[in-house]
Amino acid sequence: MTLANGRPYLAIPGPSVLPDRVLQAMQRPSPNIYAGALVDMVAGLWPDLRAVAGTTANVAAYIGNGHSLWEASTANLFSRGDRVLLVSTGHFGLGWMGALRAMGVQVDCLDFGRQPADFSQVEAALRADCAGSIRAVLTTHVDTASSVRTDIAALRAAMDRAGHPALLVVDCIASLGCDEYHMDAWGIDVTLAASQKGLMVPPGMGFIWFSEKARAAGRAGDLRTPYWDWTPRADGPDFWQHWHGTAPTHHLFALHEALSMLHEEGIPAVWARHRALAGAVWAAFDAWGAGNPEIRLSVADPANRSHAVTAARIGPQPMATRLRGWCEQKAGVTLGIGLGSVEPGDPDYDAHLRVAHMGHVNAHMTLGALAVIEAGMIALGIPHGPGALSAAAGVVARAGGA
Ligand SMILES: *Cc1c(COP(=O)(O)O)cnc(C)c1O
C-alpha cells in the first residue's frame, strides 16, 4: 500500500517549498504595470533584497533562472578574451565554467572535484599572475550538487594576501537565505541568487548585487547587450527599465511576501534554523553510517558543509535510487538525485542522493523526512546503524531549548 496521500514534501534543493503566504500573495488579477500597487510595492523590495545579502550595493533583477545569472554577470563584467580564475567544488562550478567559456572568457579552473577548496592554491595562482591579467575570482558559496560550502571570508583573505586586484564574484543561488552571508563585510564585489531556493519564490527570477568597483571594472566590456545590461535594471529610473520590458508581476508579489517572512523571522534566526536542521540530518547519517560503511556524507568536515542541502552516499548501489523511489511513492517525500556525484553512466550513480533542508522548512518536516528515509531503509533491507532518529531529535531539542 501507499502512505503518500496527504501534503507532499519536495525535499530537493530547488525549487524549494512554497509558503502558503507566498502562494496567496500571487492569487490576484493582473496589476497595472505603469502605476499603482505593483509599482509602489516594488520600491520597497530593493532595500529588503540588499538586507538579505548583507550589502548596500546595487541590485539588478532578471526574469530568468540561475543559469541566466551566469550569462548576465559575464555579459556585464567581461570582454571576449578576458581571463578569470574559477574555484570549483562540484557540478555547478563546472557548469558556470561552461557558460563563461561559451561567451569567450578564458577560464583558469582550480577544480577541487566535490571537495572543499584549498585557498593556498588560489593565493599561489594569483601571485603567479604578476601582470594582473586575472580579472576576477569566481566561486560558488554552496555547490548544490556536492553540498560543499566555501568559506568566502577565507577566500577573500587569500586574495588579499596575494595583493591581487581581481574582483570576487560569488554564486549564492543555493545559499542565500539559508547560510550566513555578508556581501560587504566579506569584501565581495558581485553576488548571484535565484528566486526558487532560500528565497521561497517559484523559479523564474534572478538577482545580481554588484559593487561600484564591479560596475566600473565592467564598463568597457564588449559582451554587454541591451537586454542583459545591469545598469538600467539597477538604476531605472523608469519602472519598465528594471525588467527591460514587462515586469514579472506575480513573482514580484511573491517575492515581497517571502522577503517579509525572512525579515519577520530575522535573517540571523533564519540562518540558525538552517544550521540546526542541517545538524539533525548529519546526526542521522552519522548514526546510520555507524552500522553500514557504505552510508556516508559527501563532505567529511562539518565546517565545509552546506546548511541548505546534504549530499550523501547510501550503498550498496542501486539502493539510493530505490530508496528515493520508496520515499516518494510510499511516503510522499521526494529526495534529490545524486547530481554530478559520479561520471554519467557509472553504476555508482545509484548510490547517491541529496536531502534538501532549504527555505520554508521546519523541524517536523526535516525530522519527518529522516523518519521516512529510515522506514525506507527498513522496507528495502538497507543495513543501517541504530539511534539515528533520536540523535536527530536530540539536535532539534538542543537547538530549540526549553
Ligand atoms: C540551482 C543552482 C544553479 C542553477 O540554477 P537554475 O535555476 O537551475 O538555472 C546554479 N548554481 C547553484 C549554486 C545552484 O544551486
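In listed order, ligands and their atoms are each counted from 1. These values consider heavy atoms only, across backbone and side chains, with no hydrogens, waters or symmetry-generated copies.
When each atom of ligand 1 is checked for a heavy atom of A174 under 4.0 Å away, the hits are 15 (O). The contact set between ligand 1 and V142, taken as ligand atoms under 4.0 Å from a residue heavy atom, comprises 13 (C). Close contacts between ligand 1 and Q196 involve ligand atoms 6 (P), 7 (O) [criterion: under 4.0 Å to a heavy atom]. Near W70, the atoms of ligand 1 lying under 4.0 angstrom from a non-hydrogen atom of the residue are 10 (C), 11 (N).
The nearest heavy-atom contact from the protein to atom 9 (O) of ligand 1 is H67 ND1, 2.5 Å. Looking only at protein heavy atoms, the nearest one to atom 6 (P) of ligand 1 is G66 N, 3.3 Å. The protein non-hydrogen atom at the shortest distance from atom 15 (O) of ligand 1 is T144 OG1, 2.2 Å. From the protein, the heavy atom lying nearest to atom 11 (N) of ligand 1 is D171 OD2, 2.8 Å. Nearest non-hydrogen protein atom to atom 1 (C) of ligand 1 is K197 NZ, 1.5 Å.
The residues D143 and R149 are annotated as not salt-bridged, no charged nitrogen and carboxylate oxygen being separated by less than 4.0 angstrom. Looking at R135 and D108, no side-chain N of the basic residue comes within less than 4.0 Å of a carboxylate O on the acidic one, giving no salt bridge. Ion pairing of D235 with R215 is present here, as a side-chain N (NZ or NE/NH1/NH2) and a carboxylate O approach within less than 4.0 Å. Salt-bridge annotation for E264 and R21: present, with a side-chain N of the basic residue lying under 4.0 Å from a carboxylate O of the acidic one.
Taking the centre of each ring, H67 and W70 come in below the 6.0 Å mark.
Classified by interplanar angle (parallel below 30°, tilted 30° to 60°, perpendicular above 60°), the ring pair F239/W243 is perpendicular.
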Salt bridge (Lys or Arg N to Asp or Glu O under 4.0 Å), that's the test. Do D129 and R83 meet it? Break it down for me.
CA-CA 11 Å; D129 177 35; R83 189 171 161 217; 3.6 Å; yes

